[in-house]
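See below for the structure under consideration.
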Protein chains: 2
Amino acid sequence: MAEEKNNISKADFRFMNDALVDVYDHIMRIEEETLRKSTFRDISVKEIHLIHAITLHDHKTSSEVANELRLTKGTLTTNVKTLERKGYVKRINDEQDHRVTRLTLTNKGKLLYRAHDAFHRQIVKSFIKGMDGNEVKVIKRALINLEDFLSDITQ
Amino acid sequence: MAEEKNNISKADFRFMNDALVDVYDHIMRIEEETLRKSTFRDISVKEIHLIHAITLHDHKTSSEVANELRLTKGTLTTNVKTLERKGYVKRINDEQDHRVTRLTLTNKGKLLYRAHDAFHRQIVKSFIKGMDGNEVKVIKRALINLEDFLSDITQ
DNA sequence: TAAATTGGTTTGATGTTCAAACTAAATTAC
DNA sequence: GTAATTTAGTTTGAACATCAAACCAATTTA
């Protein structure tokens, strides 16, 4: 066997590690800059992640969104408040249970959601650029490996 | 051709996008928790990234580190100050140019650096678990694709 | 119907960051 | 060779994100 399975050279480790680390920072940076130059220049990366978590259609409760983003309820309240003020998010009072507020995007919020989603689509597309079906499967397997590894650590 | 090149199904997009997004958050979370439970419980994820940027051997200047991490000089000064107080980092006065301070890790800092590096090694290893040389090449290509895409945007 | 629980908000504190003013050292321009 | 400019880093004051804890109102349970 020319290449041992599960054995990785120092150079490969360094390359992949740096790539994995840098890529995320780079994406955040680009998102920030892109937003700054767009019609949505009053929105930060953190805010767009909240908008993404609220999603297009499924009227989640505040607590659900807070859990997903691992923020306290208090933090979410304040963040939602500013996005509401800026006109991206609307609160809906739940008819069944008068304690809960559900979150939804305004038209402006939906527009931003779609723009952001399109950017992510580009990222994924670039990731698998020029690859055939089998190669895409290899990438998926790698991502599944990583997710499994990470969830094994957590519980 | 059963599978068109460069065409990705909605499901594949969603899977890869979510994986790419979630993986980073997950890693940060695990780093945070692991630190909390270790001997280094006085260190945050942001702080460990600073320690990583200072590196084991190459006595960078404050400005160099600030640029790498894209922080202002002022922010770096305060961050270094707390890491110095906690005993992970040392300032060295440059003999040539008395304006510059170079940054280096104490033994405690180096210990932490190595522990953190070992964790990253595990991550990369899990990423390519069970793959042969060709498959590893596919992964590398994907990461290069992504880096190219991102630098093209920034140029 | 009183007590406990739940969903969300408010409050006060902490940590991270920045921009701008500043200090000290080095470089350049005359 | 001194004055003016630039450079490296620090200090300061403000802004923002976050949290934990106290709180309020509605619902559930006992």
Side-chain angles (χ1 to χ4, degrees), chain A residues 24-25 28-29 31-33 35-36 40-54 58-86 88-104, chain B residues 24-25 28-29 31-33 35-36 40-54 58-86 88-104:
Chain A
Y24 187 85
D25 283 357
M28 291 306 101
R29 218 160 57 241
E31 287 191 348
E32 190 73 52
E33 284 164 19
L35 282 166
R36 243 0 103 251
F40 307 109
R41 72 182 114 288
D42 59 340
I43 290 294
S44 72
V45 167
K46 303 212 168 183
E47 288 174 318
I48 202 147
H49 288 160
L50 174 48
I51 286 172
H52 183 254
I54 291 172
D58 33 271
H59 298 225
K60 298 175 194 168
T61 67
S62 280
S63 297
E64 281 168 350
V65 174
N67 286 336
E68 261 180 60
L69 297 178
R70 284 160 232 266
L71 296 173
T72 60
K73 297 175 299 169
T75 300
L76 198 82
T77 298
T78 59
N79 292 352
V80 165
K81 207 187 293 180
T82 69
L83 280 184
E84 205 174 17
R85 179 169 46 74
K86 291 180 182 174
Y88 292 89
V89 170
K90 264 198 311 253
R91 276 179 169 77
I92 307 176
N93 285 94
D94 190 294
E95 282 308 311
Q96 261 64 51
D97 188 334
H98 284 230
R99 291 167 306 177
V100 334
T101 34
R102 297 187 172 273
L103 302 176
T104 181
Chain B
Y24 187 86
D25 283 357
M28 291 305 101
R29 218 160 56 240
E31 286 192 347
E32 190 73 53
E33 284 165 18
L35 283 166
R36 246 356 103 250
F40 308 109
R41 72 182 113 287
D42 60 341
I43 291 293
S44 72
V45 167
K46 301 211 169 183
E47 288 175 318
I48 202 145
H49 289 161
L50 174 47
I51 286 171
H52 184 255
I54 290 172
D58 32 274
H59 298 227
K60 297 177 195 166
T61 67
S62 280
S63 297
E64 281 167 352
V65 174
N67 286 336
E68 263 181 57
L69 297 178
R70 283 160 233 264
L71 296 173
T72 61
K73 299 175 297 170
T75 301
L76 198 82
T77 297
T78 60
N79 292 352
V80 165
K81 208 186 293 181
T82 69
L83 281 182
E84 205 174 18
R85 180 169 46 72
K86 291 180 183 173
Y88 292 89
V89 170
K90 263 199 312 254
R91 274 178 170 78
I92 307 176
N93 286 96
D94 190 294
E95 283 308 311
Q96 260 66 51
D97 189 332
H98 286 230
R99 291 168 306 178
V100 334
T101 33
R102 296 187 172 274
L103 302 176
T104 181

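Note on naming: letters A, B, ... go to the chains in the order of the sequence lines (proteins, then strands), and numbering restarts at 1 for each one.
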- Item | Distance (rounded to the nearest 0.5 Å) between I92(A) CD1 and T104(A) OG1 | 4.5 Å
- Message: Let me confirm one number: the CD-CG distance from E64(B) to L76(B), rounded to the nearest 0.5 Å.
- Response: 11.5 Å
- Query: Side-chain N or O of R91(B) less than 4.0 angstrom from OP1 or OP2 on dT10(D)?
  - Reply: yes
- Item | Contact list for DNA chain C against residues 71-81 of chain B - heavy-atom distance below 4.0 Å | L71(B), T72(B), T75(B), T78(B), N79(B)
- Query: Are T101(A) and dG8(C) close enough that a side-chain N or O sits under 4.0 Å from OP1 or OP2?
  - Reply: yes
- N or O in side chain of R70(A) less than 4.0 angstrom from dC19(D) OP1/OP2: no
- Item | Interatomic spacing from NE2 in H49(B) to CD1 in I43(B) - rounded to 0.5 Å | 12.0 Å
- S62(A) has a side chain; which of dG7(C), dA25(C), dG8(C) sits nearest to it? dG8(C)
- Query: Going from CG on N93(B) to CZ on R99(B), what distance comes out if it is rounded to the nearest 0.5 angstrom?
  - Reply: 13.5 Å
- Task: Determine the contact category for Q96(B): base if any of its heavy atoms lies under 4.0 Å from a base atom, sugar-phosphate if only primed atoms, P, OP1 or OP2 are that close, otherwise nothing.
- Result: sugar-phosphate
- Query: Residues in side-chain contact (heavy atoms from CB on, under 4.5 Å) with K81(A), at least two apart?
  - Reply: none
- Query: Atom CG in L69(B), atom NZ in K46(B): separation rounded to 0.5 Å?
  - Reply: 11.5 Å
